[in-house]
Amino acid sequence: MQPTSETEDLLKISTSGQDGILIVTAEGDVDLCTTPILRQALETQCASRTERGFVAVDMRDVSFIDSAGLALLVEIRKRYSDTCRLALIVEAGSQPERVLRLGRFDTFLQVCHSLDELTASTVA
Amino acid sequence: MNECRDADDPVDLEFFARPEYLAEVRRLVERLGSQTRLSATQMDEFLTAVDEAVANAMRHGSPQGERSIVRVRCQPLPAGLVVEVKDQGKGFPVPESPTMPDPDAPGGRGLPLMCALADSIKIASGKKRHDGNTQKDHMTISRTEGADRNCHCSRLCRRDPPFR
């Protein structure tokens, strides 16, 4: 029997930019199955940066992330550290925020609740 | 994926070790959990633990890759859920006290997340390896409303509640 959902339906990705921040917006679940989709979007956005700046992953519409997703964020941050500062935007109190804090991601990545918050931090 | 259920019986799933099935397992656990007294936050926590256990079976307990079989039994209780995950692997070394790795470590978060987010983790047929670590045969994880998080898992679980 086949899974009832296609992988593309489990995680939808869009990209945009604002105030010099490249944004990857994710909607759905980030798990062992869907991390390749997020990986591709992050690699594309990070590789497009020629000057050092933020690449933000907007996960406010992500309802679930597991250790495969966390590992991907670590890998991307390390691989593109010369040109990219990886930031994460999460819904307050959501499963992603809580899992990221369990992994202490807030100690080495910028984890915030809105793009405005991230933008303000770049000005400060 | 086959589901066979009768009233309050446990739900048994058997599926190939393909990551596409992770979401199916989470949906099932979420659906069964909605019939228990677990809160939304407790369900979030337990879904994460179950996902990690099944992903672990797919990644480390599937000698034939995606042709390997993973079996999941989900037993709903009034106060919570008990989930058993079986794979076809030879087991892996289970450390005495899984701890979350450094934040920038490339991996190693699965078992610590499980331990942090379930009330109880039991690893059956734990054969001692020559290096002193324990091999798993199957893993049973549970989450129940109001459970003492330390009561069944003094070896594996952290002592402070993970989510604030």
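Each chain gets a letter, A, B and so on, in the order the sequences are listed, and its residues count up from 1.
By the 4.0 Å N-to-carboxylate-O rule, B:Glu30 lies too far from B:Arg27 to be salt-bridged with it.
With hydrogens and angles ignored, the 3.5 Å screen pairs no side-chain donor or acceptor of B:Ser62 with any backbone N or O of B:Val70. A donor-acceptor pair is defined here as one N or O able to donate and one able to accept, closer than 3.5 Å; such a pair exists between the side chain of B:Gln42 and the backbone of B:Ser39. The main-chain N or O of B:Val85 is never found under 3.5 Å from a side-chain atom of B:Arg71 such that the two would form a donor-acceptor pair. A:Thr34 places a side-chain N or O within donor-acceptor distance of the main-chain N or O of A:Asp29, the cut-off being under 3.5 Å.
Annotation: side chain of A:Leu11 is in contact with side chain of A:Ile13 (closest heavy-atom distance under 4.5 Å). B:Val29 places a side-chain heavy atom less than 4.5 Å from the side chain of B:Leu81. The side-chain heavy atoms of A:Phe64 and B:Asp51, taken from C-beta on, include a pair separated by under 4.5 Å.
Heavy atoms of other residues, nucleotides or ligands lying less than 6.0 angstrom from CZ of A:Arg49 number more than 12.
A distance of 11.5 Å separates CD of A:Glu27 from CG of A:Leu10, quoted to the nearest 0.5 Å.
The contact between B:Glu52 and chain A is made entirely by side chain atoms (from C-beta outward), counting heavy-atom distances below 4.5 Å. The parts of A:Leu32 that come within reach of chain B are both its backbone and its side chain, each placing non-hydrogen atoms under 4.5 angstrom from that chain. At a 4.5 Å heavy-atom cutoff, the contact between A:Asp31 and chain B is made by side-chain atoms alone. With a 4.5 Å cut-off on non-hydrogen atoms, B:Ala105 touches chain A through its backbone but not through its side chain.
There is no side-chain donor-acceptor pair under 3.5 Å between A:Asp61 and A:Thr25.
Under the 4.5 Å side-chain contact rule for hydrophobic residues, B:Leu77 and B:Val83 do not share a cluster.
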List the steps, then state whether side-chain contact (heavy atoms from CB on, under 4.5 Å) holds for B:Ile141 with B:Phe46. CA-CA 9 Å; B:Ile141 58 180; B:Phe46 193 59; 4.0 Å; yes

The test is side-chain contact (heavy atoms from CB on, under 4.5 Å); show your working for B:Val72 and B:Phe15 and say whether it passes. CA-CA 9 Å; B:Val72 172; B:Phe15 49 92; 3.8 Å; yes

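Contacts between residues 72-92 of chain A and chain B, defined by a heavy-atom separation under 4.5 Å, are made by A:Val74, A:Arg77. Residues from residues 35-47 of chain A never place a non-hydrogen atom less than 4.5 Å from a non-hydrogen atom of chain B. The stretch residues 107-117 of chain A places A:Thr107, A:Phe108 near chain B, each with some heavy atom under 4.5 Å from a heavy atom of that chain.
Scored by the side-chain hydrogen bond (donor to acceptor under 3.5 Å, both in side chains) test, B:Arg67 finds no partners at all (sequence neighbours excluded).
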